[in-house]
Amino acid sequence: MSLEVFIIQASSLQFSEEPQSQDALHGRSAILRCELSGPEDMRFWWTQDGRRVQDSNRRFQEGSNLKFTAVDRHADTGSFQCVASSSSTGETVTSANASINIKWLERGPITMNEPASEAELEEAERIVLQCHIDGHPRPSSKWFKDGAQLDRKDRILTLTNLSTGDSGIYSCCAQNAAGKVCSNHNITLNIFDKSVPRVLVAPVDQVVLRNEEAVFHCQFRAKPPPLIEWFHDAEPVLNKSRTVCLIPSSSLFALRVSKRSAHLQAAVVCVSVEIADMGERLWRVFSAGRGERVRCDPPRGQPEPQVWWERAGARVASEGRVHQRDGDLIFSPTDRSDSGVYTCVARNTAGQKQQELVVTVATSPEWIVQPQDTHVEEGQPGFLHCHARSTPEPRVTWYRKSVPITEEGSRYKLFSNGTLRINSAEVNDAQTYSCVCVTQAGSLSAHARIHILEKLKFTPVPQPSQCLQLDRESSVSCVAKARETPIMHWSRADGADLPSHASQMNGALRFSTVTRADGGNYTCVASSSVQGEIRAHVHLTVGVHVEFKLEPEQTTVYQGHTAVLHCQASGDPQPYVQWMLKDKLLSSSSSSRFQKMPNGSLVISNVTTEDTGVYTCIAGNTCNIRDTAAQLYVVEKPVHPRSEDEDKSQFKMFQTIALSVAVAVAYIIAVLGLMFYCKQRRKSKRLQKNRAGGEPETECLNGVQLNGHRVSEIHEEVALSSMRPSADSEKQQSCGDELHFPRAHLQTITSLGRGVFGEVFLAKARAIEETEPETLVLVKSLESREETHRSEFRRELEMFSKLNHAHVVRLLGICRETQPHYMILEYVDLVLNTFKCFINSMQQSRLCLNVFGLCLQAGTLRLSPPVNCPAHVCSLMSHCWASSPKERPTFSEILQILTDSPADTKV
């Protein structure tokens, strides 16, 4: 039996930021980011669908990132991967796949799918047009005819039941996330009315010999098929003639041309016999006793139709009070008995058409019920009646403040008999209403007023939950209305008396100075001797209104970088902070680029140009809500291609630097030689003096002459000093082991600048605090190679490791498994602001580092003493901020003062 053991070693290379799939517009810029936490000898390259990406002017590798100056929808599809390789170990790691969802929109023409050609339009029963605008995502299309939008949203437009109204110029436009474009080639349709006959074959003049045959051809097209007649000298041609014959194909066949029939050469006419439909029923309302006239226009027809008027199947007479003349129906004058239906009749050889006319002779309206003044209970329905009779029925309109009343909003109901109902009467319904009855013959009007009987009610109802500002003067309002002025009274819901600093007047409960004990449930009572009493219950909370401690500022960042917008608010209860962009709340999830920090600040990673906008920070608690806004600008990082002149200038610069370095080396060699010569000369002189005898012995230690010390003392001092680093190194080693933090668990958010030791940046540390999965921290890096800086960095580490106080910035971890070393400090916004102060003013003024972990610019920032701060601590802080370094205490003095503080003080 054999046992095989496989040992799999985990890769030491890990991506701190892998490329993420993203959206991009065709022709716009984009960037795929790739960052690795590992050794410095890393090489990066990119692959697309497994093939290595070659740099070009449009797409190239910038550091470890892949930059697109203009995304191409054809060349930039597929999956991209970032590949990193270590030159020292040869180890290679490949990122997950990332793709670019390219949004594009391309113009195109309009084509006609049916019929196949424009020549077939006459016979077509339907027309199908297609809009060839394409894009991703699929665009939504709109159709236009002669510039007017049609109610069609598909890429294909189908026209059925064709008519002349469908003629016009058709165009289309489409829109998606990439923009909006319109068709670059439109189509024009000319639709003919198929009911109108059109000539297909027209007769032509002929010259024939006497007694020979002649044939004239004549064809029309229409739906339905038209009737065709022949005329000779304005007389219809009939088959009864011996010399002329009509054949079914609508041709005229002359059997034998005689002298009489020879006139056909100029007098034969072929026509289509038809009669068009007449319009729909007409309605006319006339006033009694007035002369009126109605015209009957003959329809289109061949031959021209004759028209006349009928009533009840009989022709209207040509004389009398009601008569017809030349197609006009004339009333002279009108009478009530003239009301009824009249018919206009048109007829020719093709048939008969007719159109009806309904005549109503109107009378003036007469009152049946006039509106009367009415009293209505508030909240109950109220009615106003307005009834009149006439012929036809009068049109009733109600007015309120000279404005017509409609049923919109369900406030009113209008009945056909003229009654107005107010569905639920309100106080402002106490108005004068007007009723107007109108007919063609005249009108009537009347007015009535509605009186509202108010009910006992709160105006407005007190909010059930309200907040009082602690240590401020506050009041709670309670107002009521009724038919008579009500009596207002406040009381506590638990029956306890109102506090002495509370008073009530005109329904308002006032607190001169709000205390915590003023919170609780209160009741407002409004009473009336006629209408009883009503109550409103209010719960009062004592707190502090929201105030902003730190507001966001206008920020500009490069595309692909990280943006931080700070927002902190204070209040009681602690306010909840939300961020809004373009009227939408930003959601903060683990996979989102938008992360809201516990202190309310917003961190946006891998920003794009679409993130540009106004960001609103909203903070609120049970007392109030406040907001503040700031503008974020995202700009593209400029890329400056190097020219030949720049290459030449750089070469000259390198020459200059090399020459300078050579001169400096020569100078250093000369100085060292001179120092060696001086040292040997001083040594020889000292030996000569010792031989000459008797001067006190001196020793030069580190360039400082020490007089009056024995050599044994100097040796003892050197021995002690050589022992201390060993002990200190052991302490540092044990401290570093406890505070060691994996560098891979740090995620950089943004750089804050550079300090004496190196770069200072903001980051998120995973599981550095036991109670939080992620913690916002401040990281100082040791990039300097100078021994003084490295020693000072170690001293600062040792100092922070010994401090453990709620009011002092804590040292959370150390990363020193590789260069550069990191010092991870507790993050608070005050620390961030003072670090910015430190970085911006490093070369301008002296700074004071006090035991509270604050770096303050002398003369420009003074903190007010904390509440209950002891006097000796305030004095110590003031001395730390002294403008002269000589006046500031040393760390030993600070330690002594704090050690001597009484045990009961809160230091």
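- Minimum heavy-atom separation, A30 to A24: CB-CB, 4.2 Å.
- Between C172 and C182, the gamma sulfurs sit at a distance of 2.5 angstrom or greater.
- In this structure, D154 does not pair ionically with K142, as no charged nitrogen and carboxylate oxygen lie closer than 4.0 Å.
- Checking N101 against H136 by side-chain atom types alone, a donor-acceptor pair falls below 3.5 Å.
- Using a 3.5 Å distance cut-off with no hydrogens or angles, the side chains of T111 and H185 do not pair a donor with an acceptor.
- Looking only at atom types and distance, the side chain of T419 has a donor-acceptor partner in the side chain of H385 under 3.5 Å away.
- R152 forms no cation-pi arrangement with W143, by the criterion of a distance under 6.0 Å to the ring centre and an angle within 45° of the ring axis.
- Note on E106 versus R73: salt bridge recorded, some NZ/NE/NH1/NH2 to OD/OE distance being below 4.0 Å.
- Between the side chains of S318 and H323, no donor N or O sits under 3.5 Å from an acceptor N or O.
- Look at K455 and E378 and you find no salt bridge, because none of the NZ, NE, NH1 or NH2 atoms lies under 4.0 Å from a carboxylate O.
- W309 pairs with exactly one of T343, D328, L357 by the side chain to side chain contact (heavy atoms under 4.5 Å, CB included) rule, that one being L357.
- T439 and S390 get closest at one heavy-atom pair: CG2-OG, 3.0 Å.
- Salt-bridge formation is detected for the pair D23/K103: a Lys NZ or Arg NE/NH1/NH2 atom is positioned less than 4.0 Å from an Asp or Glu carboxylate oxygen.
- In this structure, OG1 on T374 lies 5.0 Å from CG on L384, to the nearest 0.5 angstrom.
- Under 4.0 Å is where a charged nitrogen must lie from a carboxylate oxygen, and between D166 and K145 no such pair does.
- To the nearest 0.5 Å, atom CG of residue D72 and atom OG1 of residue T77 are 9.0 Å apart.
- A side chain to side chain contact (heavy atoms under 4.5 Å, CB included) with Y412 holds for exactly one of D429, N423, T406; it is D429.
- Ring-centre distance between F331 and Y342: below the 6.0 Å cut-off.
- Applying the 6.0 Å contact sphere to CZ of R449 captures more than 12 heavy atoms from other residues, nucleotides or ligands.
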